[in-house]
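Here the structure is a predicted model, which means the values were calculated and not measured. In each ligand, atom 1 is the first atom listed, and ligand 1 is the first ligand listed.
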Amino acid sequence: MSDNHYDVIIIGTGAGGGTIAYHLAPSGKRILILERGDYVPREKANWDPQVVNVDAHYSTKESWLDKDGKELHPHTNYYVGGNTKFYGAALFRLRKEDFGELRHHGGISPAWPVSYDDLEPYYTQAENLYQVHGNRGEDPTEPPANTPYPWPAVSHEPRIQQLSDDFARSGLKPFHVPVGIMLDEKNPHKSRCIRCNTCDGFACLVGAKSDSQVVCVDEAIRHSNVTLLTNSLVKRLDTDVSGREVKSVVVERNGVVESYSADVVVVSCGAINSAALLLRSANDKHPRGLANSSDVVGRHYMGHTNSVMMAISKCPNPTIFQKTLGVNDFYFGSKDFEYPMGHISFVGKLDAITLKAGAPAIAPNFTLELMAKHSLDFWLTSEDLPDPSNRVTIGRDGKIVLTYTPNNLEAHERLKSKLKQAMKQTNCTMHGHECHQGLFGRNLYVGQRIPLAGVAHQNGTIRFGHDPKTSVLDPNCKAHDLDNLYVVDGSFFPSSAAVNPALTIMANALRVGDHLMKRLGVSSKDYEQTLRQDRELAVSR
Ligand SMILES: Cc1cc2nc3c(=O)[nH]c(=O)nc-3n(C[C@H](O)[C@H](O)[C@H](O)COP(=O)(O)OP(=O)(O)OC[C@H]3O[C@@H](n4cnc5c(N)ncnc54)[C@H](O)[C@@H]3O)c2cc1C
Ligand code: SF4
């Protein structure tokens with residue numbers, strides 16, 4: 001066997017790729033991880049809102065096209081750890097019902113080929129691995145879980161606690177958002193996380209966010225059987241003459257083209273780039289793109305309908321870590337609207353510098369400062385439905401083309417109204433009854449739907465299912481059309497649900513990892529022994 005042949009090649013190191021690499025590492029199998037990016041440089045600028053949010057210093061400079069051929073600068077990041085380096089680490093399980101068919105105002109959200117119960121043990125493993133902090137039993141839509149969260153929930157700061165109390169008094173069931181940050185509130189002097197105001201959207205300078213580089217990739221490459229090559233852009237996957245096996249993975253590494261092969265190839269480039277990679281790998285046996293006999297590759301792109309809604313209330317909001325409160329009372333509908341609406345939570349606390357990036361030029365700085373001091377910065381998520389016309393294709397010049405028409409928008413409008421109504425009903429006990437009223441006028445909201453370039457929650461482009469005519473992957477996430485090709489990033493989702501996607505991608509990667517260990521004949525006794533040694537080593541470090 002050549003030196004360039006491995007048991008497993010994993011392409012991409014985000015939520016899917018990083019997690020499966022971690023899971024397979026103790027198997028002793030020869031594993032090659034290929035990542036197009038480098039490590040996020042550790043520098044003070046990691047936490048600088050001007051550099052991160054205004055200059056978009058860490059985002060890719062790549063440009064894509066929208067359906068009208070207009071340039072699109074995607075808000076996405078190519079680094080070891082993928083987008084988890086920058087995520088807000090809100091780590092939710094999908095609801096049990098999300099795995100079945102659900103009727104929405106805008107149409108049908110289809111069933112998954114696996115059930116919640118199939119994924120439940122892997123959700124538990126993923127929550128332990130990513131050190132999720134949460135309180136079970138608070139969220140009224142929470143699916144059943146066999147164990148508590150590994151860490152207690154991150155506490156609300158006073159302004160958020162007050163809002164939570166107000167919501168509860170008005171009959172809602174606010175809950176603590178489950179988050180993957182390494183905060184130890186009982187032992188602050190030992191806590192790796194310092195609870196700062198630059199978490200959501202920023203890389204963690206002190207390595208205290210549970211991202212897939214810190215938690216998974218760094219651990220995986222401690223094993224001598226695992227090799228990570230950074231700055232290694234996978235350009236295409238070539239098959240053998242039968243078309244049933246990926247025979248070589250063609251990589252451009254530091255400007256040089258190299259080729260690698262493996263018994264099993266796991267693609268995990270993110271839903272948009274994975275679809276692009278398969279489409280670019282078309283050959284005689286796969287004329288419409290690799291694994292694309294169904295013509296489904298790239299279709300059903302989903303990314304959630306998301307809005308940031310700032311409630312600029314009279315009451316100031318000096319919160320540092322704001323992403324602690326969620327409301328799911330409207331997730332499946334309400335008395336006056338029988339369809340699912342979605343999920344309400346928070347983004348990281350917005351500041352004047354970040355606001356300036358999206359503000360009209362006439363807004364004076366002092367207004368932005370005042371707005372930032374008083375705003376509650378809500379994050380609203382509604383499910384978008386899989387539409388085959390919403391898709392990733394490759395333009396004539398090789399660029400990614402993202403064609404997307406939003407759908408199910410009524411649900412999102414209703415969710416916004418519900419939040420406004422909930423804010424009206426609340427009465428602040430700390431500052432008086434006018435607390436949640438607008439600072440500049442009654443109930444002033446500043447809101448913005450996230451544009452197409454905001455591809456943070458991308459999913460759905462390489463869906464899994466039982467039927468090779470309507471799905472690309474089988475329920476184990478193996479391509480129907482090939483024997484050794486798997487996909488484990490967010491592209492396997494048949495529906496997008498309305499909570500953040502990363503924990504489901506991680507849990508599924510662990511599930512597929514178990515399947516691959518069986519396929520590769522890994523002895524569970526040897527695997528367990530290596531795991532034990534790993535744990536002992538970790539304690540001694
Ligand atoms: C600002 C921000 C905040 C977010 N907050 C949350 C949150 O709070 N909760 C949540 O659940 N989700 C959140 N998300 C979304 C979450 O980060 C993603 O759902 C998740 O990272 C997707 O995992 P993935 O494995 O599908 O892809 P990614 O994490 O994007 O990983 C893909 C990897 O593949 C690499 N790659 C791409 N193409 C190639 C190629 N051709 N060759 C080699 N390597 C390649 C990329 O560099 C990257 O490392 C957020 C995202 C962003 C951007
Ligand atoms: S809040 Fe904690 S995990 Fe997040 S960036 Fe700050 S120190 Fe890192």
In ligand 2, which numbered atoms sit nearer than 4.0 Å to a non-hydrogen atom of [X]?
{"X": "Ile181", "value": "3 (S)"}
{"X": "Val206", "value": "7 (S)"}
{"X": "Lys209", "value": "3 (S)"}

Flag the pair [X] and [Y] as a salt bridge only when some basic side-chain nitrogen lies within less than 4.0 angstrom of an acidic carboxylate oxygen.
{"X": "Arg36", "Y": "Glu62", "value": "yes"}
{"X": "Glu120", "Y": "Lys96", "value": "no"}
{"X": "Asp238", "Y": "Arg236", "value": "yes"}
{"X": "Asp139", "Y": "Arg95", "value": "yes"}
{"X": "Arg136", "Y": "Glu127", "value": "yes"}

With under 30° as parallel and over 60° as perpendicular, where do the rings of Tyr486 and His515 fit, or are they tilted in between?
->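 Ring orientation of Tyr486 relative to His515: tilted.
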Would you call the rings of His343 and Phe92 parallel, tilted or perpendicular, where under 30° means parallel and over 60° means perpendicular?
->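 Answer is perpendicular, since the angle exceeds 60°.
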Measure the distance from [atom] to every protein heavy atom, then report the residue, atom name and distance (to 0.1 Å) of the closest one.
{"atom": "atom 1 (S) of ligand 2", "value": "Cys196 N, 3.3 Å"}
{"atom": "atom 4 (Fe) of ligand 2", "value": "Cys199 SG, 2.4 Å"}
{"atom": "atom 2 (Fe) of ligand 2", "value": "Cys193 SG, 2.3 Å"}
{"atom": "atom 8 (Fe) of ligand 2", "value": "Cys204 SG, 2.3 Å"}

Can you tell me if Asn135 uses its side chain to pair, donor with acceptor, with the backbone of Ala153 under 3.5 Å?
->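 At least one qualifying donor-acceptor pair exists.
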Report the part of [X] (side chain from C-beta onward, or backbone N, CA, C, O) that has a heavy atom under 4.0 Å from ligand 2; answer both or neither where that applies.
{"X": "Trp47", "result": "side chain"}
{"X": "Ile194", "result": "both"}
{"X": "Thr198", "result": "backbone"}

Please name the residue in the list Val392, Asp489, Val487 that meets the side chain to side chain contact (heavy atoms under 4.5 Å, CB included) test with Thr461.
->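 The passing option is Val392.
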May I have the step-by-step check of ring-ring contact (aromatic ring centres under 6.0 Å, His included) for Phe378 and Phe346, ending in yes or no?
-> CA-CA 4 Å; Phe378 290 98; Phe346 278 88; 4.5 Å; yes
Which protein residues have a heavy atom under 4.0 Å from ligand 1?
->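 Heavy-atom contacts below 4.0 Å: Ile11, Gly12, Thr13, Gly14, Ala15, Gly16, Leu34, Glu35, Arg36, Tyr78, Tyr79, Gly82, Asn83, Thr84, Phe86, Tyr87, Gly88, Ala89, Ala90, Asp200, Gly201, Ser232, Leu233, Val234, Ser268, Cys269, Gly270, Asn273, Lys323, Ala456, His457, Asp489, Gly490, Asn500, Pro501, Ala502, Ile505.
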Among Tyr79, Trp47, Phe202, which one satisfies ring pair (Phe, Tyr, Trp, His ring centres under 6.0 Å) with Phe86?
->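 For Phe86, the ring pair (Phe, Tyr, Trp, His ring centres under 6.0 Å) test succeeds with only one of Tyr79, Trp47, Phe202, which is Tyr79.
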